[in-house]
Each structure stands twice: as structure tokens, then as C-alpha cells.
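To start, the structure itself, in C-alpha cells.
Lettering follows sequence order; numbering is per chain, from 1.
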Amino acid sequence: MTIEEKVFKLVLTIPKGRVTTYKEIARILKINPRRIGTILHKNTNPDIIPCHRVVKSDGSLANGYAFGGMKEQKRKLQEEGIILKKNKIDLSRFFFTFSGYDVA
DNA sequence: GTTGGGGCCGTCA
DNA sequence: CTGACGGCCCCAA
């Protein structure tokens with residue numbers, strides 16, 4: 001099981017209408033947050049990987065979202081019922097943790 | 001609010 | 001092998 005696979009697996013567990021952060025994923029997988037973006041960017045198959053549900057640790061959207069830019073990402077999030085205020089997400093309401101997730 | 005540094009480490013040229 | 005860069009993060013001006 002490679003790191004990327006773990007990342008994708010985690011992202012896939014994010015329920016609709018919730019989001020998580022790069023930092024959180026990095027924390028679970030014990031890797032540097034920087035790697036998350038790199039990995040997600042490489043994997044360009046939004047059909048199976050809901051990478052729009054991954055945002056920065058302050059709730060704002062990432063810069064290089066590869067599938068239409070952050071406006072498209074924003075649209076998708078709103079479509080799921082997530083509310084964005086000033087391009088930021090209220091993490092206290094929509095943040096999803098991987099508590100209990102077994103990395104293995 | 002902004003910029004700029006350092007960190008970390010895989011990936012790509 | 002070497003160097004540059006990243007969908008980030010943290011801290012300091």
C-alpha cells in the first residue's frame with residue numbers, strides 16, 4: 001500500500017457535504033502536508049476521487065485545484081450543501097475527521 | 001490583510 | 001547523481 005493509495009482511500013471516506021484538510025490527512029498518515037497536494041495533483045480522476053473535499057487547514061480553498069480552478073471546486077462544495085463565506089469554509093460545521101481510521 | 005523565510009521529502013527534469 | 005519545485009504549514013514582520 002503506497003502513500004498515494006492511502007491518501008486516496010482516506011479522501012474517498014469523506015462523506016458528501018463534509019470536508020477535511022491536507023493537514024489532517026498528513027497527520028493520519030504521518031507524512032508532510034506538502035506531499036498531499038502533490039499527490040492529489042498527480043491523480044487527475046475527479047470521478048472517483050473527491051479531491052474538492054480537501055481544503056487548507058484554515059478552511060480556504062487550495063490554489064492549484066486542477067479540475068476547473070477553485071471556482072469549480074467551490075461550486076461543487078456548495079452543491080453538496082457546504083457553505084462558503086468569503087471563499088472559506090466553516091470548519092467547525094463541515095470538518096470531517098478520520099478518527100478511528102486504521103491506516104493499515 | 002500581505003510577504004518572506006524554513007521545513008519537509010517525493011517527484012520530475 | 002543533482003537541482004528545482006510543490007493544490008501546504010508555521011512563524012515572524
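- The side-chain heavy atoms of A:Asp90 and A:Leu84, taken from C-beta on, include no pair separated by under 4.5 Å.
- The residue A:Glu4 sits close only to the backbone: its heavy atoms come under 4.0 Å of sugar-phosphate atoms, none of a base.
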Check against salt bridge (Lys or Arg N to Asp or Glu O under 4.0 Å), A:Arg75 and A:Glu79: CA-CA 6 Å; A:Arg75 191 189 63 75; A:Glu79 196 173 76; 2.8 Å; yes

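- In terms of hydrophobic clustering, with Ile, Leu, Val, Met, Phe, Trp and Tyr side chains grouped at heavy-atom distances under 4.5 Å, A:Phe95 and A:Leu61 are assigned to a common cluster.
- Checking each of A:Arg18, A:Arg53, A:Lys74 against A:Glu80 for a salt bridge (charged side-chain N to carboxylate O under 4.0 Å, His left out) leaves exactly one that passes, namely A:Arg53.
- Across every non-hydrogen atom of A:Gly59 and A:Val55, the tightest pair is CA-CG2, 4.2 Å.
- Chain A approaches DNA chain B within less than 4.0 angstrom (heavy atoms of the protein), and the contacting nucleotides run 5' to 3' from B:dG7 to B:dC12.
- Side-chain atoms of A:His52 and A:Glu72 form no donor-acceptor pair, as typed in the model, at a separation below 3.5 Å.
- Within residues 72-81 of chain A, no residue has any heavy atom under 4.0 Å from DNA chain C.
- Using a distance-only test at 3.5 Å, with no hydrogens or angles considered, no donor-acceptor pair links the side chain of A:Ser57 to the main chain of A:Thr21.
- Linking ILVMFWY side-chain heavy atoms closer than 4.5 Å, directly or via other members, places A:Ile49 and A:Phe98 in a single hydrophobic cluster.
- Side-chain contact check for A:Leu77 versus A:Ile83: every heavy-atom pair is 4.5 Å or farther apart.
- If you find the closest nucleotide of DNA chain C to A:Phe67 and to A:Lys23, the one lying nearer the 5' end belongs to A:Phe67.
- Between A:Lys76 and A:Tyr65, some side-chain heavy-atom pair lies under the 4.5 Å cut-off.
- Residue A:Asn32 is the one, among A:Lys42 and A:Asn32, whose nearest nucleotide of DNA chain B lies closer to the 5' end (criterion: closest heavy atom).
- A:Arg35 comes within 4.0 angstrom of the backbone, heavy atoms only, and of no base.
- Side-chain atoms of A:Thr38 come within 3.5 Å of backbone N or O of A:Arg34 as a donor-acceptor pair.
- With DNA chain B read from its 5' end, the first of the two nearest nucleotides for A:Thr38 and A:Pro33 is the one closest to A:Pro33.
- Of the nucleotides present, none pairs with C:dG7 by Watson-Crick or G-U wobble criteria with both distances under 3.5 Å.
- Base engagement by A:Val54 is indicated by at least one non-hydrogen atom pair under 4.0 Å involving a base atom.
- The footprint of chain A on DNA chain C, defined by a heavy-atom cutoff below 4.0 Å, extends from C:dG6 to C:dC10.
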